[in-house]
Amino acid sequence: MAARYGGRVQKLSVDAGFSCPNRDGTIGTEGCSFCTNSAFTPSYCNHSKSITQQLDEGIAFHRRRYRKTVHYVAYFQPHSNTYADLSTLRSCYAEALNHPFVRGLAVGTRPDCVDDAKLDLLARIAADGKYVAVEYGIESCYDTTLALIGRGHDFACSRRAVEATAARGLHCAAHFILGLPGEDRDAMLAEADIINAMPLGSIKLHQLQLLKGTRLAAQVAAGEVRVRQFSLDEYVELVCDLLERLRPDMAIERLAGEVPPRYQACPERSWRRPDGSLLRNEDVPALVEAELERRNTRQGSRYV
């Protein structure tokens with residue numbers, strides 16, 4: 001991205017007011033058992049504001065933190081950002097692309113919320129010279145896990161969406177959660193072979209975090225399900241083991257998630273730095289790199 005646009009490119013989260021078929025009653029009303037969208041959404045990102053206003057405020061926010069940023073990608077993040085009719089999608093995407101500092105789109109959505117017409121729309125935008133990425137929340141490669149967390153679709157749906165997206169030349173990314181109920185360490189590592197076989201350009205990894213008010217937090221508290229909440233050292237070790245198994249050409253966009261303690265059901269388990277301050281998700285890559293160096297290994301070293 002930096003080479004393409006001549007400098008650092010930063011994603012700006014945008015809430016266009018889309019819903020989710022797992023919340024509006026189409027396939028469910030409670031959402032996925034782990035999900036609280038507000039925990040992951042920046043304060044400037046609110047659908048009561050126009051897309052343009054959110055972008056302006058996002059640029060002002062990020063310019064204080066990332067002073068070398070030159071260009072931006074509008075990241076349609078909360079809920080399912082292809083879950084609307086074509087006219088609505090076209091209007092929302094166009095407003096974002098009309099911003100003078102925006103060079104493209106990253107569209108976060110569910111695998112069951114795309115079809116040929118929507119992917120063709122995104123492909124036409126990309127054909128006009130804009131960067132376009134489609135980011136799917138896949139979360140797990142196992143149908144038993146997807147059913148347990150109330151996902152509302154199976155893994156075959158995810159595979160079809162990824163293949164249809166990649167077939168149009170669009171950058172395709174996927175999110176995966178490590179530590180979901182019913183998955184042990186061997187199961188999580190075995191996902192690498194499944195991920196490698198998909199035409200994904202990049203992935204995002206993050207640890208499961210139990211959030212207040214979610215169905216999963218209540219299930220864990222009641223002893224109905226068990227989840228793996230990693231210590232920092234355990235998580236870094238797992239991520240390195242997974243990276244060794246992933247294709248070396250797979251871009252890794254994120255290695256960990258970050259949720260403010262006020263949203264967490266178990267804030268005492270928040271990862272901390274040696275000085276006691278909260279660990280930020282951008283601290284994790286350095287820890288992973290250090291462990292890979294200690295092992296004298298790299299991403300893809302065990303890929304066959």
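Note that the numbering runs from 1 along the sequence shown for the chain.
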Apply the test salt bridge (charged side-chain N to carboxylate O under 4.0 Å, His left out) to residues Arg247 and Asp249: give CA-CA distance (whole Å), side-chain angles for both, the deciding distance (0.1 Å), then the verdict. CA-CA 5 Å; Arg247 296 193 325 255; Asp249 65 313; 2.9 Å; yes
Minimum heavy-atom separation for Cys172 to Pro199, with atom names? CB-O, 4.2 Å
Would you indicate whether the side-chain heavy atoms of Met250 and Ser202 approach each other to under 4.5 Å? no
Could you tell me whether Arg298 and Glu244 make a salt bridge, using a distance below 4.0 angstrom between a side-chain N and a carboxylate O? no
Can you find a side-chain donor-acceptor pair between Ser270 and Gln264 that sits under 3.5 Å? yes
Is the shortest side-chain N to carboxylate O distance from Arg23 to Glu30 below 4.0 Å? no
Could you tell me whether Lys49 and Glu57 make a salt bridge, using a distance below 4.0 angstrom between a side-chain N and a carboxylate O? yes
Between Gly257 and His206, the two heavy atoms sitting closest are N-CB, 3.2 Å
Taking all non-hydrogen atoms of both residues, which atom of Ala96 and which atom of Leu105 are closest, and how far apart? CB-CD2, 4.0 Å
Ser50 versus Glu95, closest heavy-atom pair with distance: CB-OE2, 3.8 Å
Would you please indicate if the ring centroids of Phe230 and Trp271 are separated by under 6.0 Å? no
Any side-chain heavy atom of Leu178 within less than 4.5 Å of one from Gln207? no
Return yes if some donor-acceptor pair links the side-chain N/O of Ser80 with the main-chain N/O of Thr82 below 3.5 Å, else return no. no
Just to verify, which of Val259, Thr214, Val227 counts as forming a side chain to side chain contact (heavy atoms under 4.5 Å, CB included) with Gln209? Val259
Please state whether the rings of Tyr72 and Phe101 are parallel, tilted or perpendicular, taking 30° and 60° as the class boundaries. perpendicular
Counting distance only, does the side-chain N/O of Asn81 pair as donor-acceptor with the main-chain N or O of Gly108 below 3.5 Å? yes
Are a donor atom and an acceptor atom from the side chains of Thr26 and Asp24 found within less than 3.5 Å of each other? yes
Strictly below 4.0 Å, N to O, side chains only: are Arg110 and Asp112 in salt-bridge contact? yes
Applying a strict under-4.5 Å side-chain criterion to I, L, V, M, F, W and Y, I'd like to know whether Leu208 and Leu278 cluster together. no
Are the side chain of Arg215 and the backbone of Gly31 linked by a donor-acceptor contact shorter than 3.5 Å? yes
Run the side chain to side chain contact (heavy atoms under 4.5 Å, CB included) check on Asn22 and Cys32 step by step: do they pass? CA-CA 7 Å; Asn22 208 10; Cys32 302; 3.7 Å; yes
Would you mind checking if Arg273 and Asp275 are paired as a salt bridge, meaning a charged N to carboxylate O distance below 4.0 Å? no
Do Ser19 and His79 have side-chain heavy atoms sitting under 4.5 Å apart? no
Separation of Cys113 SG from Tyr83 OH (nearest 0.5 Å): 6.5 Å
Establish whether Leu238 and Tyr303 are linked, either directly or via other cluster members, by ILVMFWY side-chain heavy-atom contacts under 4.5 Å. no
Hey, mind stepping through Leu211 and Phe34 against side chain to side chain contact (heavy atoms under 4.5 Å, CB included) and telling me if it holds? CA-CA 7 Å; Leu211 304 181; Phe34 59 83; over 6 Å; no
Would Asp56 and His99 count as having a side-chain donor-acceptor pair, cut-off 3.5 Å? yes
Relative to the ring of Tyr131, is the ring of His171 parallel (under 30°), tilted (30 to 60°) or perpendicular (over 60°)? tilted
Are Met188 and Leu243 linked, directly or through intermediate hydrophobic residues, by side-chain heavy-atom contacts shorter than 4.5 Å (ILVMFWY only)? yes
Linked, directly or transitively: Phe76 and Leu122 (ILVMFWY side chains, under 4.5 Å): yes
Can you see which heavy atom on Ser231 is nearest to which on Glu234, and at what distance? N-OE1, 2.9 Å
Residues Asp120 and Arg168 bridged, charged N to O under 4.0 Å: yes
Can Glu135 and His175 be counted as having a side-chain donor-acceptor contact under 3.5 angstrom? yes
Salt bridge (charged side-chain N to carboxylate O under 4.0 Å, His left out) evaluation trace for Arg295 with Glu291: CA-CA 6 Å; Arg295 298 182 184 189; Glu291 174 60 14; 2.9 Å; yes
Side-chain heavy atoms nearer than 4.5 Å, only ILVMFWY residues, links allowed to pass through others: does that put Leu148 and Ile27 together? no
Looking at every non-hydrogen atom in both residues, tell me the closest pair between Ala126 and Leu170 and how far apart they are. CB-CD2, 3.9 Å
So with a 6.0 Å cut-off around CG of Asp184, is the heavy-atom count from everything else above 12? yes
Show the numbers, then the answer: is there a side chain to side chain contact (heavy atoms under 4.5 Å, CB included) between Val14 and Gln77? CA-CA 6 Å; Val14 171; Gln77 181 183 17; over 6 Å; no
Just by modelled atom types, is the Asn281 backbone N or O under 3.5 Å from a matching donor or acceptor in the Glu258 side chain? yes
To the closest 0.5 Å, what do you measure between CG (Leu287) and CD (Glu237)? 13.5 Å
Compute whether any side-chain donor of one residue and acceptor of the other, for Gln219 and Ser33, lie under 3.5 angstrom apart. no
Are Lys11 and Tyr75 in a cation-pi setup, meaning NZ or CZ lies under 6.0 angstrom from the ring centre and within 45 degrees of the ring axis? yes
Going through the distances and angles, do Leu216 and Leu210 end up as a side chain to side chain contact (heavy atoms under 4.5 Å, CB included)? CA-CA 7 Å; Leu216 182 58; Leu210 287 178; 3.7 Å; yes
